[in-house]
Structure formats: C-alpha cells, structure tokens
Student: 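Quick one: this structure, given as structure tokens, is what I'll be asking you about.
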There are 2 protein chains.
Amino acid sequence: MSQTVDRALSILPLLAEGPANLEQVATRLGVHKSTALRLLRTLHEHGMVYRQQDQRYRLGARLFALAQEAVENLDVREIAHPHLVALNERCGHTVHLAVYEENEVLYIDKVESRYPVRMYSRIGKPVAITVAAVAKLLLADLPEPERRTLAERLTYPAYTPRSTPNAAAFLKELATVREQGWATDFGGHEESINCVGAPIRGADGRVVAACSVSAPNVVVTAEELLSLLPLVRRTAEEISREYSGGAPVSASVSHASQNPSQVTAETPEKRAEETSS
Amino acid sequence: MSQTVDRALSILPLLAEGPANLEQVATRLGVHKSTALRLLRTLHEHGMVYRQQDQRYRLGARLFALAQEAVENLDVREIAHPHLVALNERCGHTVHLAVYEENEVLYIDKVESRYPVRMYSRIGKPVAITVAAVAKLLLADLPEPERRTLAERLTYPAYTPRSTPNAAAFLKELATVREQGWATDFGGHEESINCVGAPIRGADGRVVAACSVSAPNVVVTAEELLSLLPLVRRTAEEISREYSGGAPVSASVSHASQNPSQVTAETPEKRAEETSS
DNA sequence: GATTCCGGTTGCAATATCTGCAACGTTCAT
DNA sequence: ATGAACGTTGCAGATATTGCAACCGGAATC
C-alpha cells in the first residue's frame with residue numbers, strides 16, 4: 001500500500017539471508033542505489049539494520065529485541081512451554097508448538113530430545129502447511145469460507161508420495177481432523193518422519209495453537225507413535241485449560257501421572273561419536 | 001531520513017508495549033487515522049504486525065521468523081574474525097575461535113602472527129576437549145544434564161601430567177569456568193603451551209563460541225599470558241555484542257584503548273603445531 | 001605515482017507518492 | 001431505531017521520494 005515502506009520492509013527478509021552491500025540491496029530491490037541508501041539509513045536509525053565494518057548491512061539488534069517482545073506477546077508459548085518439556089521428557093521425541101497467522105503456520109517453540117541446546121534452530125520457520133499435523137489442526141478450525149479459499153490458493157508440493165496432492169484432498173483431510181480432534185502426518189513431508197498432534201483451544205473454543213510429537217521411522221513405527229496420542233491430547237488439553245485462564249493444574253505440569261504405560265519410545269540412542277583428541 | 005518509513009517503523013516499538021487499535025496508533029504517531037491505517041496495512045502485508053480478532057494490532061510472528069532466520073545465517077566466524085586479528089596484532093600470539101557441535105569442540109578460525117589469515121588447514125579439527133580452554137568454556141555452558149552425561153562419556157587422555165584426569169575433575173573445572181567467565185589451559189595438552197580464553201555469547205546469553213590466545217612457555221610465562229586476560233575478555237565481549245546485533249562499537253574494533261600495558265609479548269617466532277587452545 | 005575502477009554519497013529538479021480531509025460503512029450499545 | 005465509535009475509501013493538493021548525474025575516496029592496476 002505504501003511504496004516506500006513496502007520497499008524498506010522488503011529489505012529485511014533480504015538481509016536475513018545474509019549480509020549484503022548497498023548495490024546488492026538496490027539491485028534486488030529494483031531501485032536506484034541512492035534510494036536504497038536512504039531506505040537503509042532509515043532502517044538503520046531505527047536499529048533494524050546494522051552496518052558492519054566492511055560496510056555491508058545486516059539485520060540489527062532492535063529487530064531481535066522486537067522479535068523477542070513479539071513472542072512474549074504470544075502468551076500461549078509461555079504457558080505451553082513447561083507442558084511441552086514434560087511431554088518431551090515422557091516420550092523422548094521432538095515436540096513442536098505452532099500457531100496460524102496470516103496464511104502461514106509458524107513453529108513458535110520446539111523441544112528436542114538430544115540437543116536441548118539447539119532449541120532455537122528451526123523455530124520461526126514456516127511449516128509445510130499442506131502436510132504438517134499442526135497445520136492441519138490449525139487450518140481445520142478456520143471458518144469454512146476462509147479455509148476453502150486458503151486451501152484453493154495453496155500449492156501442494158509433492159514432498160513424498162504421501163503428501164497431500166490437492167485442495168480437495170486437503171479439505172477432506174481437514175474435515176476429518178476437525179471431526180476427530182487430532183491430526184497426523186505419516187511421511188507426508190519427510191518420508192521417514194511421522195508425527196501426531198493435538199489442538200490447543202482458547203476459552204472460546206477456537207484453536208489458538210497446536211502441538212505435536214515427531215519421530216523418525218527408525219526409532220518408532222507409526223503405530224507406536226500413534227499410541228502416544230492420548231498423551232499428546234492430554235498435554236494439549238492441559239495447555240488449553242491453563243490458557244483459558246483455567247486452573248494451572250500444577251501437578252500435571254511437573255510430571256503428573258508417572259504413568260509409563262503411555263510411553264512407547266525408549267530413550268533415543270545417544271551417539272557419542274567419541275570426541276576429544 | 002524517509003518520513004514514511006520512519007513513521008511506519010515507529011509503530012513497531014509502540015506495538016511492542018501491547019496491542020493497540022487504529023486510533024491509538026494514529027494518535028501516538030501524530031498522524032491522521034487514514035495515514036496510520038495505510039502504514040499498518042503495509043506492515044501487515046509484510047507480516048510485521050498482525051491483526052487480532054478484536055481488530056487491534058500487535059506485533060506479527062513473522063518478525064520472530066525473520067529474526068530467527070537471521071540468527072541461523074549469522075556467521076560467528078565472519079563477525080569475529082576482524083576482532084581476532086586485532087587481538088592478534090595487540091598481543092602477537094596465536095588466536096583461536098572454536099564452537100561446540102555434536103559433542104565436539106571444533107576450531108573454526110585461527111590467526112597466527114605471521115599469517116593474518118589462512119587457517120582452513122585447521123578448521124574443523126576437533127579440539128582436545130578435556131583440556132582446551134575453549135572446550136571448557138563451551139562445555140561449561142551446556143545444560144547441566146547434558147554436560148554431565150558428556151563428561152562421563154569422554155575419555156581423559158593424559159597428554160601431560162597436568163591434563164584433566166577424569167570426569168569428576170573435569171566437571172569441577174567446568175563449574176569454576178562457568179563461575180569466573182574465563183578459562184585457561186596451562187600445559188594440559190602440550191607441556192610447553194599455555195592459553196587463556198573467554199566466551200562469546202549470543203543475544204540470549206548462551207555461549208555460542210569461545211576464543212583464546214595461546215603461547216609457548218619459551219615466549220611468555222603463564223603469568224604473563226594471564227595478564228592478557230582482560231584483553232581477551234574484552235575482545236570476546238566485543239564480538240558478543242556485535243554478534244547479538246548490538247552496538248557498532250566501531251572504535252573498539254580498530255584499536256580501542258591503546259593500552260600497551262596489556263601487551264606482554266613480542267611476535268612469537270614459534271607457532272604451536274596443532275595447538276591445544 | 002598516476003590512472004582506472006568500484007562502490008558509496010550528495011544536490012537537485014520532476015513527479016509520483018503520500019497525506020489529511022470529509023464522507024461513508026459497519027458494528028455495537030443504548 | 002438512533003447514535004456513537006471506529007474503521008475504511010476517494011480525492012485533490014502538496015510534500016516527500018525518486019532517479020539522475022556528478023562527486024568522492026579507496027583499492028587495484030599499470
């Protein structure tokens with residue numbers, strides 16, 4: 001709508017790919033150098049971009065600060081986190097939390113079994129919207145017309161033979177998901193990865209987020225993973241309850257029922273490649 | 001510099017304080033409603049702001065995604081390099097940069113006195129994880145359980161009498177390092193080589209890398225090397241700041257405090273083959 | 001040591017772009 | 001129903017933005 005702002009904002013994702021100099025920015029933006037310079041200067045004044053020694057630009061600190069505040073405003077994340085950790089501790093697999101926003105589904109939290117450190121690696125990446133379990137859960141709850149138009153506007157990449165092929169199939173799948181209250185993705189994105197997810201609802205019953213457990217075939221079969229469904233659903237419900245202002249259900253957060261019957265997976269085999277030297 | 005962009009960007013910190021409706025934004029910006037609307041629309045198109053059900057605006061998750069992507073593409077090495085060179089110029093010794101990855105600590109950059117650049121020969125080499133200063137720094141920051149399991153899985157080669165003997169001693173050393181915020185290796189890998197290192201932290205405070213200065217006994221004593229600690233720490237802090245998208249601090253990069261008191265050594269004629277660190 | 005190239009920077013005039021206004025919709029509460 | 005509150009749109013005027021071309025300053029080249 002506003003050309004100037006539009007151009008300025010277009011610079012950011014561009015720089016997210018890596019540092020760039022003035023000319024590169026100007027070229028990729030399709031504007032004159034001087035124009036790019038002025039836009040960058042404005043961005044700079046607001047701390048959105050930063051100029052390194054070699055004069056190339058990269059994203060600035062302010063952006064990170066804003067991003068931080070942006071997620072903090074997503075209070076689902078904060079509430080969900082301990083539950084996700086608990087879920088991860090019980091099953092050992094990767095746990096995701098995602099929200100729908102502006103025709104996209106984004107991961108906003110992730111707990112990994114093996115490397116708790118690397119948690120932030122993929123967060124923020126848009127999800128494979130046509131196949132991911134969390135995406136199905138979130139889209140299934142959209143108002144019918146919006147769901148339909150979105151489904152028809154999407155492209156359906158054939159990641160694997162089991163990827164959702166087209167809008168019709170997708171809408172049908174969404175109906176199922178909506179009906180049953182949970183979703184799966186069996187090799188629809190990566191041949192060897194399966195996952196099961198459940199919706200997190202706000203006080204009004206709308207789905208505000210979704211969480212899922214993912215694991216590679218080699219660790220657990222699809223059936224075994226599916227046996228985790230009750231646990232996943234329970235976790236989602238606990239988060240929903242707390243998010244809706246309900247009782248914290250503090251017991252469940254910590255480690256709730258130490259009921260190992262639900263836990264199918266063994267601890268992921270640690271592969272210490274034997275380091276040191 | 002650019003009024004429109006300036007106004008648009010001013011909306012973001014404003015929204016960071018919490019959701020706001022159109023009129024509030026317009027008022028605080030000091031512009032007409034319609035102007036604010038158009039700016040918000042542009043921000044919206046870029047996913048920088050998001051409109052909730054109640055029509056109020058808040059920061060968009062896309063902001064988060066953007067920052068995340070930027071972090072992934074952040075190359076510590078690239079940012080650190082000039083600082084390492086500067087450090088090398090000031091003290092004359094071998095400077096190392098290392099990261100932790102998959103149960104290993106790897107050198108990813110090295111600056112030698114004579115050759116300001118070239119180090120690909122060493123890049124990727126695993127560090128003597130049980131004794132190197134950089135290894136201690138990186139492992140000290142791991143989450144407790146991971147640190148412990150890793151420490152117990154390691155083998156503790158007795159490179160020298162002063163090498164870390166076992167897991168217990170190592171964990172104790174890591175605790176110390178974690179506490180004091182710097183680390184040393186006095187002859188733990190090569191009898192005649194000492195080094196001091198400091199941690200480089202990301203915006204979230206986690207240690208993302210570590211740098212160190214190494215020198216043989218014959219050039220400087222351990223005490224003399226230790227006197228370089230302030231300089232090493234300062235360098236690490238500068239890198240941290242810049243890595244976090246932080247303040248330019250351009251002055252410091254070049255030559256900051258020309259305080260020669262810190263500089264103990266003359267140019268080393270000996271560079272430690274495949275050093276410890 | 002001069003010259004050329006490369007990239008960034010600045011002044012300026014033309015105009016495309018943005019702005020504020022005022023009228024219009026829509027929703028919600030009275 | 002009526003009114004208020006808030007968001008939205010069309011428009012004309014004016015301002016802010018743009019591209020150009022010239023200008024620098026440094027690095028590489030001859």
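Below, chain A is the first sequence line, B the second, and so on; all start at residue 1.
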Student: Would you indicate which nucleotide in C/dG20, C/dT9, D/dT18 comes nearest to any side-chain atom of A/Gln55?
Tutor: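 Taking heavy atoms from C-beta onward, the closest nucleotide is C/dT9.
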Student: Could you check how far NE2 of B/His32 sits from P of D/dA14, rounded to whole Å?
Tutor: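 It works out to 17 Å between those atoms.
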Student: Got a sec: does the CD of A/Glu78 have more than 12 other heavy atoms crowding it under 6.0 Å?
Tutor: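 No - once you tally the heavy atoms of other residues, nucleotides and ligands closer than 6.0 Å, there are 12 at most.
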Student: If I take atom CG in residue A/Leu40 and atom P in nucleotide C/dT9, what distance separates them, rounded to the nearest angstrom?
Tutor: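 So the two atoms are 10 Å apart, to the nearest Å.
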Student: If you check the B/Arg51 side chain, which of C/dT9, D/dG7, D/dG19 turns out closest?
Tutor: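 When the side chain of B/Arg51 is considered, D/dG7 is the closest of C/dT9, D/dG7, D/dG19.
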Student: Is it true that, when you exclude B/Gln52 itself, more than 12 heavy atoms of the residues, nucleotides or ligands shown sit nearer than 6.0 Å to its CD?
Tutor: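 Above 12, so yes.
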Student: Would you kindly compare A/Gln3 and A/Glu23 by the position of their nearest DNA chain C nucleotide and give the one closer to the 5′ end?
Tutor: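 Whichever sits nearer the 5' end wins; that is A/Glu23.
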Student: Distance check needed: D/dA5 P versus B/Leu37 CG, whole Å only.
Tutor: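 It works out to 20 Å between those atoms.
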Student: Quick one: label B/Ser34 by what it contacts on the DNA or RNA (base, sugar-phosphate, nothing), any heavy atom closer than 4.0 Å.
Tutor: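 Touches a base.
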Student: Within this structure, what is the CZ-to-C1' distance between B/Arg38 and C/dT17, rounded to whole angstrom?
Tutor: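 Taking atom C1' of C/dT17 as the reference, CZ of B/Arg38 is at 11 Å.
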Student: When every nucleotide of nucleotides 25-30 of chain C is labelled 5' to 3' by its protein contacts under 4.0 Å (heavy atoms), B for base, S for sugar-phosphate only, - for none, what sequence of letters results?
Tutor: ------
Student: For A/His96 and A/Asp109, which I'm curious about, is there any donor-acceptor pair between the side chains at under 3.5 Å?
Tutor: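 Per modelled atom types, A/His96 and A/Asp109 side chains form no pair under 3.5 Å.
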Student: Grab the CG-P distance between B/Leu22 and D/dT9 for me, whole Å please.
Tutor: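 Going from CG in B/Leu22 over to P in D/dT9 covers 12 Å.
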Student: Is the phosphate of D/dT18 approached by A/Arg7 (side-chain N or O, under 4.0 Å from OP1 or OP2)?
Tutor: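 So the side-chain polar atoms of A/Arg7 do come within 4.0 Å of the phosphate oxygens OP1 or OP2 of D/dT18, strictly under.
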Student: Identify each donor-acceptor pair in which a side-chain atom of residues 31-42 of chain A lies under 3.5 Å from a protein atom, sequence neighbours left out, and give them as a table.
Tutor:
unit_1  : atom_1 : unit_2  : atom_2 : d
A/His32 : ND1    : A/Ser34 : N      : 3.1
A/His32 : ND1    : A/Ser34 : OG     : 2.9
A/Ser34 : OG     : A/Arg38 : NH2    : 3.2
A/Arg38 : NE     : A/Ser34 : O      : 3.4
A/Thr42 : OG1    : A/Arg38 : O      : 2.9
A/Thr42 : OG1    : B/Ser2  : N      : 3.1

Student: Which pairs of donor and acceptor atoms, one on a side chain in residues 44-51 of chain B, lie under 3.5 Å apart (sequence neighbours left out)?
Tutor:
unit_1  : atom_1 : unit_2   : atom_2 : d
B/His44 : NE2    : A/Glu102 : OE1    : 2.9
B/His46 : NE2    : A/Asp6   : OD1    : 2.5
B/Arg51 : NE     : B/Gln55  : O      : 3.0
B/Arg51 : NE     : B/Tyr57  : OH     : 3.4
B/Arg51 : NH1    : B/Tyr57  : OH     : 3.2
B/Arg51 : NH2    : B/Tyr57  : OH     : 3.3

Student: For C/dT10 and A/Arg41 - does any side-chain N or O of the residue sit under 4.0 Å from the phosphate oxygens OP1/OP2?
Tutor: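 Checking A/Arg41 against C/dT10: at least one side-chain N or O falls below 4.0 Å of OP1 or OP2.
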Student: Report the distance from atom CD of A/Gln24 to atom P of C/dG7, rounded to the nearest whole Å.
Tutor: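 Whole-Å distance recorded here is 9 Å.
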Student: Taking only side-chain nitrogens and oxygens of A/Ser2, does any of them come within less than 4.0 Å of OP1 or OP2 of C/dC18?
Tutor: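 So the side chain of A/Ser2 is within the cut-off, an N or O lying under 4.0 Å from OP1 or OP2 of C/dC18.
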Student: With a 4.5 Å cut-off on side-chain heavy atoms, are B/Ile11 and B/Leu29 touching?
Tutor: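 Side chain of B/Leu29 against side chain of B/Ile11, heavy atoms only: contact under 4.5 Å found.
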Student: Let's see if you can work this out: which of C/dG20, D/dG19, D/dG7 has an atom nearest to the side-chain heavy atoms of B/Thr35?
Tutor: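 Nearest to the side chain of B/Thr35 among the choices is C/dG20.
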Student: Check the distance between D/dC6's P and B/Arg56's CZ and give it to me in whole angstrom.
Tutor: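 In whole Å, D/dC6 P lies 12 Å from B/Arg56 CZ.
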Student: Would you mind reading off the distance between A/Asp6 atom CG and C/dT17 atom P, rounded to a whole angstrom?
Tutor: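 One finds 12 Å between P of C/dT17 and CG of A/Asp6, rounded.
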Student: Could you grab the distance from atom CG of A/Leu150 to atom CD of A/Glu152, nearest 0.5 Å is fine?
Tutor: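 Reported value, rounded in 0.5 Å steps: 10.0 Å.
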